[in-house]
2 protein chains.
Amino acid sequence: MDRLLSLATMYELFFQKFNEKVPLTPEEQEQIKAYLTPKKLRKRQYLLQEGDICKSIAFVEKGALRAYTVDENMNEHVIQFAIEGWTISDLFSYLTAEPATYNIDALEDAELVLITRSAHEEFLKNLPKYETYIRLLITGAYIALQRRLTSNLSLLAEERYTSFTETYPDIAQRVPQHMIASYMGLTPETLSRVRKKMADRR
Amino acid sequence: MDRLLSLATMYELFFQKFNEKVPLTPEEQEQIKAYLTPKKLRKRQYLLQEGDICKSIAFVEKGALRAYTVDENMNEHVIQFAIEGWTISDLFSYLTAEPATYNIDALEDAELVLITRSAHEEFLKNLPKYETYIRLLITGAYIALQRRLTSNLSLLAEERYTSFTETYPDIAQRVPQHMIASYMGLTPETLSRVRKKMADRR
DNA sequence: AAAGAGCCTTGACTTTTGTCAAGTAAAGGA
DNA sequence: TCCTTTACTTGACAAAAGTCAAGGCTCTTT
């Protein structure tokens, strides 16, 4: 495969999303590619386990992942989902090199593009566009998180669920219901009843 | 007042926090100062009203502010507090120039340092350290927000309140209880009862 | 000093959501 | 293919938080 073709096909989605935020020259893309790490994950495999140091930010080229915590009673709390085009990490652990408080695993077989910490530092030092990319990425994540929090504070279970399925129809279809319940701060039973009530009404 | 003295006293806290994130030379500080806008706000005055375009990020030198929404039933939902050393804005409106969904007002007489959008753009273009500052600022805000969300999803009212007063003892003392209740997604009555129960136990 | 507004508390009651337990269906591994 | 595990549902009951209403306290403002 020649280099131009590989440029067009490898990390395709990653660079598409990057270019939407910050346009890159082909040279810059090659420069970045040299530091990226591809990784495949089988369903149920961990990308990160609580207590480990989070060594990379993961961009999802294909598949689906989730970040979650496990509390004293062994209850899982889903913090975040990520499917194609999205990014997932334990940012706090990644940036501070403290042990992770999240687990991250694959809900489907997945192909990832990893930005390791050394790549991250390399880019921040030598490629101003990368800092812009990261800034915009985190800004978007911050705004989305603020919306999620607001909806959790002010809406009932059914309204939250409706809003979730409208905002993320693809995730709602691909992910087990009990994880969506957890993501919204509900028990599986409650979500099941909410859905039944909605179905009974139509 | 000579220039060096004024440098040391004006916007003091703003530059202290900035330097903690990204060290600046005196020249850079002067360059930034030239674009900053000071603003005083009396208690109850608005910095931003829902529907307006958010024109600045506000750093709090003195006083206390809150961001909040008002729903159909005229219930207020507190999104964020900011006291000395913290920053507050409707980031979505600021960045997209869409109408704000938040109100921001002063809970105490306040002194602010405003970064207007034109200053923001000027800095991003000509001062790489500013982009780093903003990136670190938002990253910190993102991580804090994720913690808040997690605690809302997995903790009971009393645990959330305890965690809040431990994390932000200063805010807990300066801000009316019903706003703290709202910040945690509780009614004033519920928070009042939670506090009574805690007091009765000791 | 009086009037009003805002804030906090308390009680009685309702609604929402969680817990526990059981059962069925579907998916995945040996 | 069978067998185990996992996911989802449903019912009965419990706990948490919300609603409505009233009263008292404190702070402004006049």
Side-chain angles (χ1 to χ4, degrees), chain A residues 41-45 63-64 66 68 70-78 81 103 105-109 151-165 171-201, chain B residues 42-45 64 66 68 70-78 81 103 105-109 151-165 171-201:
Chain A
L41 227 52
R42 288 262 165 70
K43 184 170 173 171
R44 299 192 148 266
Q45 259 192 301
R66 102 244 229 220
Y68 66 100
V70 180
D71 69 18
E72 328 79 64
N73 314 316
M74 296 291 288
N75 289 121
E76 295 181 356
H77 298 276
V78 175
F81 295 113
N103 301 278
D105 66 5
L107 303 177
E108 305 170 359
D109 291 356
S151 109
N152 262 286
L153 290 175
S154 58
L155 301 182
L156 294 178
E158 181 175 333
E159 300 168 315
R160 297 211 297 273
Y161 180 66
T162 303
S163 148
F164 178 84
T165 54
I171 293 178
Q173 286 190 331
R174 283 162 70 174
V175 160
Q177 248 185 63
H178 72 275
M179 290 187 194
I180 295 173
S182 165
Y183 179 88
M184 297 191 305
L186 300 174
T187 59
E189 294 95 330
T190 297
L191 180 55
S192 175
R193 288 180 183 116
V194 163
R195 283 165 51 89
K196 185 185 167 65
K197 223 161 130 189
M198 291 170 66
D200 286 352
R201 269 206 306 272
Chain B
R42 287 262 165 69
K43 185 171 173 170
R44 299 195 148 264
Q45 258 192 303
R66 99 239 229 220
Y68 66 101
V70 180
D71 69 19
E72 329 80 65
N73 312 317
M74 298 290 289
N75 288 122
E76 295 180 358
H77 297 276
V78 175
F81 295 112
N103 301 278
D105 68 4
L107 303 177
E108 304 170 0
D109 292 355
S151 109
N152 261 286
L153 290 175
S154 59
L155 301 183
L156 295 177
E158 180 175 332
E159 299 168 316
R160 298 211 297 273
Y161 179 67
T162 303
S163 147
F164 178 85
T165 53
I171 293 179
Q173 286 191 329
R174 282 162 71 173
V175 160
Q177 247 184 65
H178 73 274
M179 292 188 192
I180 294 173
S182 165
Y183 179 88
M184 296 190 304
L186 300 175
T187 58
E189 293 95 330
T190 297
L191 180 56
S192 175
R193 289 184 182 114
V194 163
R195 283 165 49 90
K196 185 185 167 64
K197 224 160 127 192
M198 289 170 66
D200 285 354
R201 270 207 305 272

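Quick note on labels: first sequence line is chain A, next is B, and so on, each numbered from 1. Here the structure is a predicted model, which means the values were calculated and not measured.
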Q. Taking it one step at a time, do A:Met198 and A:Thr162 satisfy side chain to side chain contact (heavy atoms under 4.5 Å, CB included)?
A. CA-CA 10 Å; A:Met198 291 170 66; A:Thr162 303; 3.7 Å; yes

Check residues 185-192 of chain A and write down every donor-acceptor pair under 3.5 Å in which the side-chain atom is one partner and the other belongs to a residue at least two apart or another chain.
residue  : atom : partner  : partner atom : Å
A:Thr187 : OG1  : A:Thr190 : N            : 3.2
A:Thr187 : OG1  : A:Thr190 : OG1          : 2.9

All N/O contacts under 3.5 Å from nucleotides 5-8 of chain D to the protein, with atom names and distances to one decimal?
residue : atom : partner  : partner atom : Å
D:dC8   : OP1  : A:Gln177 : N            : 2.9
D:dC8   : OP2  : A:Gln177 : N            : 3.2
D:dC8   : OP2  : A:His178 : N            : 3.0
D:dC8   : OP2  : A:His178 : ND1          : 3.1

Q) Closer than 4.0 Å, any side-chain N/O of A:Lys196 to the OP1 or OP2 of D:dT9? A) no

Q: List in chain and number order the residues that pass side chain to side chain contact (heavy atoms under 4.5 Å, CB included) with A:Arg42, two or more places apart in sequence or in another chain; answer none if no residue qualifies.
A: A:Gln45, A:Asp109

Q: Applying side chain to side chain contact (heavy atoms under 4.5 Å, CB included), name anything that partners B:Asp71, two or more places apart in sequence or on another chain.
A: B:Asn73, B:Asn75, B:His77

Q.
With salt bridge (Lys or Arg N to Asp or Glu O under 4.0 Å) as the rule and sequence neighbours excluded, what pairs involving residues 178-187 of chain A come up?
A. none

Q. Quick one: salt bridge (Lys or Arg N to Asp or Glu O under 4.0 Å) pairs with a partner in residues 154-165 of chain A, sequence neighbours left out?
A. A:Glu158-A:Arg201

Q) A:Asp105 versus A:Arg66: any side-chain heavy-atom pair under 4.5 Å? A) yes

Q. Along nucleotides 13-29 of chain C, 5' to 3', which nucleotides get a B, which get an S, and which get a -, given that the test is a protein heavy-atom distance under 4.0 Å?
A. ---SSBBB-------S-

Q | Partner residues of A:Arg174 under the salt bridge (charged side-chain N to carboxylate O under 4.0 Å, His left out) criterion, sequence neighbours left out | A | A:Glu84, A:Glu108

Q: Please report how far the helix from C:dA1-D:dT30 to C:dA30-D:dT1 bends, comparing the axis fitted to its first five pairs with the axis fitted to its last five, to the nearest 10 degrees.
A: 50°

Q.
Could you work out, with ring pair (Phe, Tyr, Trp, His ring centres under 6.0 Å) as the rule, every residue matching A:Phe164, not counting sequence neighbours?
A. A:Tyr168, A:Tyr183

Q | For B:Asn103, side chain to side chain donor-acceptor pair (under 3.5 Å) partners two or more places apart | A | none

Q: Take the protein atom CG of B:Asn73 and the nucleotide atom P of D:dG18, then report the distance between them rounded to whole Å.
A: 14 Å

